[in-house]
Amino acid sequence: MSRIYSRIVGTGSYLPAKLVTNDDLAKTMDTSDEWISARTGIRQRYIAEPDQTSSDLAFEAAKNALVSAGKSASDVDLILVATSTPDFVFPSTACLLQKKLGVHGCAAFDLQAVCSGFVYALATADKFIRSGQHKCALVVGAEVFSRILDWNDRGTAVLFGDGAGAVVLTADSTPGILGSVLHADGAYSDILSVPGNVCGGKVIGSPFLQMDGQAVFKFAVRVLDEAARETLDQCGLTIADIDWLIPHQANVRILEATAKRLGMDSSKVIITVDRHGNTSAASVPLALDVAVRDGRVRPGHKVMLEGVGGGFTWGAALVQM
Ligand code: UT7
């Protein structure tokens, strides 16, 4: 019997309509387009309407991915949503997405690995498909980080935006996901967190994102380098085999430093953070979808997807499109 692999057969993404530029932010807080652009590369972000939830954004991205895959929602037998900003405590955003897609019965669950969430979800879906028990997975990263930002904290509020990205992953006799690695180290939980919860009808702790920016920066560059190399080793490939590098879109300086450490030309790095800020679990599938649609990422290309974020969590997946 031939082996089962998984392949990405469609991509999709969605950004809310409301565009907020750096100059817009400078009207309400002590910041400037000059500071934000120079330190992060971010020029603008999109913010969901108050009644727009992660599952709404996920629904739009999922529909786009299904159309690009030539699949209908009824073909899907596994829905995985990576999010740290779910609609509710429960039911999961994946179940709410399933309802919006109008399908019933397939497995659906959320995965929480913050900005590594999509890479974690993709690696998980790959293993479900390789098991032979699932044939068509919808893997989504969807976030409304605008809800967990302290808009009085210029050190964090300017960095993030809302959005969603999705892929359709199907069983195939030739490999699409060539290899993947996942890691976490809870010892670093303090450097990026939303240290609050709901208890007895009240928020206990803080409902806002807090971060040691410089510690996160250094950690991210180191582990993005290590995860890419480990994944290549697993696949028996080298950096020269990578057509495109798509790391988590947090900061252009992190992306450039990662490419430099890997010895890759910066022209091989897909950068979209300038257009939508850090969208956490949505950032990698958003960037992949942009690069597929603008023709840079083409069938046969090898693409290194990388996540890093709160937990701390990190991981990579090498994908042949
Ligand atoms: O998914 C992972 C999420 N997190 C990240 O990716 C963040 C990683 N870290 C970073 O990207 C960078 O550390 C930041 C962009 C967050 C900060 O850049 P930095 O070069 O490390 O700046 P800094 O924190 O050292 O701050 C430098 C100065 C400070 O002023 P003083 O103390 O030098 O007078 C800050 O108060 O910049 C000030 N500052 C700002 N000024 C204008 C901080 N935020 C702002 C702002 N506008 N928005």
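Counting convention: from 1, in listed order, for ligands and their atoms alike.
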Between ligand 1 and the protein, give all atom pairs where both partners are nitrogen or oxygen and the distance is under 3.5 Å, as lines of names plus distance to 0.1 Å.
| from | atom 1 | to | atom 2 | distance (Å) |
| --- | --- | --- | --- | --- |
| ligand 1 | 1 (O) | H248 | NE2 | 2.9 |
| ligand 1 | 1 (O) | N278 | ND2 | 3.0 |
| ligand 1 | 9 (N) | G213 | O | 2.9 |
| ligand 1 | 11 (O) | N251 | ND2 | 2.6 |
| ligand 1 | 13 (O) | G213 | O | 3.3 |
| ligand 1 | 20 (O) | R39 | NH1 | 2.8 |
| ligand 1 | 21 (O) | Q214 | NE2 | 3.3 |
| ligand 1 | 22 (O) | R39 | NH1 | 3.3 |
| ligand 1 | 25 (O) | Q214 | NE2 | 2.6 |
| ligand 1 | 36 (O) | R154 | NH2 | 3.0 |
| ligand 1 | 37 (O) | W35 | NE1 | 3.1 |
| ligand 1 | 41 (N) | W35 | NE1 | 3.4 |
| ligand 1 | 41 (N) | R154 | NH1 | 3.4 |
| ligand 1 | 47 (N) | T31 | OG1 | 2.6 |
| ligand 1 | 48 (N) | T31 | OG1 | 3.1 |
| ligand 1 | 48 (N) | R154 | O | 2.9 |

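D150 contributes no side-chain N or O that, together with a main-chain N or O of F208, makes up a donor-acceptor pair within less than 3.5 Å. A donor-acceptor pair is defined here as one N or O able to donate and one able to accept, closer than 3.5 Å; no such pair exists between the side chain of R3 and the backbone of S173.
Annotation: side chain to side chain donor-acceptor pair (under 3.5 Å) contacts involving residues 191-219, sequence neighbours excluded, are absent.
By the 30° and 60° cut-offs, the orientation of the rings of F128 relative to F109 is tilted.
A side-chain donor-acceptor contact under 3.5 Å links S267 and D265.
Aromatic pair F312/Y188: ring centres not closer than 6.0 Å.
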